[in-house]
Amino acid sequence: MRRASFLTISKATSSSFHHLLHSLSQSHIESMASSPLLMALLLALAAVASAQLSSTFYDTSCPNALSTIKAAVQSAVANEKRMGASLLRLHFHDCFVQGCDGSVLLDDTSSFTGEKTAGPNQNSLRGFDVVDNIKKQVEAVCNQTVSCADILAVAARDSVVALGGPTWTVKLGRRDSTTASLSQANSDIPSPASNLSALISSFSKKGLSTTDMVTLSGAHTIGQARCTVFRSRIYNETNIDASFASSVKSNCPSTGGDNNLSPLDLQTPTTFDNDYYNNLVNKKGLMHSDQQLFNGGSTDSQVSSYNSNPSKFASDFAVAIVKMGDISPLTGTQGQIRLNCRKTN
């Protein structure tokens, strides 16, 4: 939580710093130059002031960026509804490893190891071709201006909207990493086998609260999961609706069929709504980690609240995903703006 308080302070500092600069005369600045400590403080304040994400970041440098991304996302989701969930998931898996820096998009090479072969990502993450297409269209309107990390953040929002969910204002100005972390992808992305305490810990490690975790888990109102990640639940667990388990078993045999898919939300698999929470209340969570949110623990009340109040879930989700998008971005002169999202410049 210390990070959140720093952000609050730094936002205030940012505006104060700009105000201070405008009020200083040339003689003031010259006299301060003789004080190394004061100059160092001013430079530190300047770094803080420039390191803030802003919803207007591309208004001047690339005014058509957001509309270009939106049109490409709408086209991709119209072509395949599932792609909306896939793009949203890319943003999540990006932010949980090194922060929201586009590291998830980097391909392996003979001299570079990316995150795509990590356990949570391999044969699972998808939509990279759609991101390539978005990047190509954005580059056509503004060369080397919009980061791949920002494209993921905007595409996540546009995907949710395309599937009937809430909208939110995306903060922009992230830059792209030149590094990736296979080990962090393996350790920090929550597992579908996680218990409640592990889920709380995974999110807390990223500065996200238990409330944020339950809210962001609602993204499982869209998308599909592979048999291999929910087989143990449907065959071995008891806190599961029997008819639900039986219906899912039809496409997920006890052996084989690892990559067979089942919707995370059987009711409305391609609509972003609050049915995920209704599923949990009725013991129809597909993965072990899903049902952990409603299993006699500390998060039951929030799940019940979202089940009965869809607008509360929608507004909370918009706030929580902006918070997730604030995880450790590269800003200012850090990182780079990749020309190709799959490789460093």
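This one's a predicted model, so the numbers in the text were calculated from it and none came from an experiment. The first residue of the sequence shown is numbered 1, and numbering continues consecutively from there.
- None of Asp94, Asp188, Asp326 except one satisfies the salt bridge (Lys or Arg N to Asp or Glu O under 4.0 Å) rule with Lys206; the exception is Asp188.
- Ring geometry for Phe272 against Phe313 counts as parallel: the plane angle stays under 30°, on a 0 to 90° scale with 60° as the upper cut.
- Side chain to side chain, Ser103 and Glu115 meet the donor-acceptor criterion of an N or O pair below 3.5 Å.
- In this model, no donor atom of one side chain and acceptor atom of the other lie less than 3.5 Å apart for Thr221 and Tyr277.
- Under a cutoff of 6.0 Å and an axis angle of 45°, Lys284 and Tyr276 do not form a cation-pi pair.
- Remark: Asn259 pairs with Arg226 by the side-chain hydrogen bond (donor to acceptor under 3.5 Å, both in side chains) rule, at least two apart or across chains.
- When the salt bridge (Lys or Arg N to Asp or Glu O under 4.0 Å) test is applied to Asp258, the partners found at least two apart in sequence or on another chain are Arg231.
- With salt bridges taken as basic N to acidic carboxylate O contacts below 4.0 Å, none links Lys283 and Glu237.
- When the side-chain hydrogen bond (donor to acceptor under 3.5 Å, both in side chains) test is applied to Asn274, no partner is found at least two apart in sequence or on another chain.
- Under the side-chain hydrogen bond (donor to acceptor under 3.5 Å, both in side chains) criterion, Thr179 pairs with Gln98, sequence neighbours left out.
- Listed by chain and number, the residues in a salt bridge (Lys or Arg N to Asp or Glu O under 4.0 Å) with Lys81 amount to none (sequence neighbours excluded).
- To the nearest 0.5 Å, atoms CG (Leu280) and CD (Gln292) are separated by 11.0 Å.
- Listed by chain and number, the residues in a side-chain hydrogen bond (donor to acceptor under 3.5 Å, both in side chains) with Ser305 amount to none (sequence neighbours excluded).
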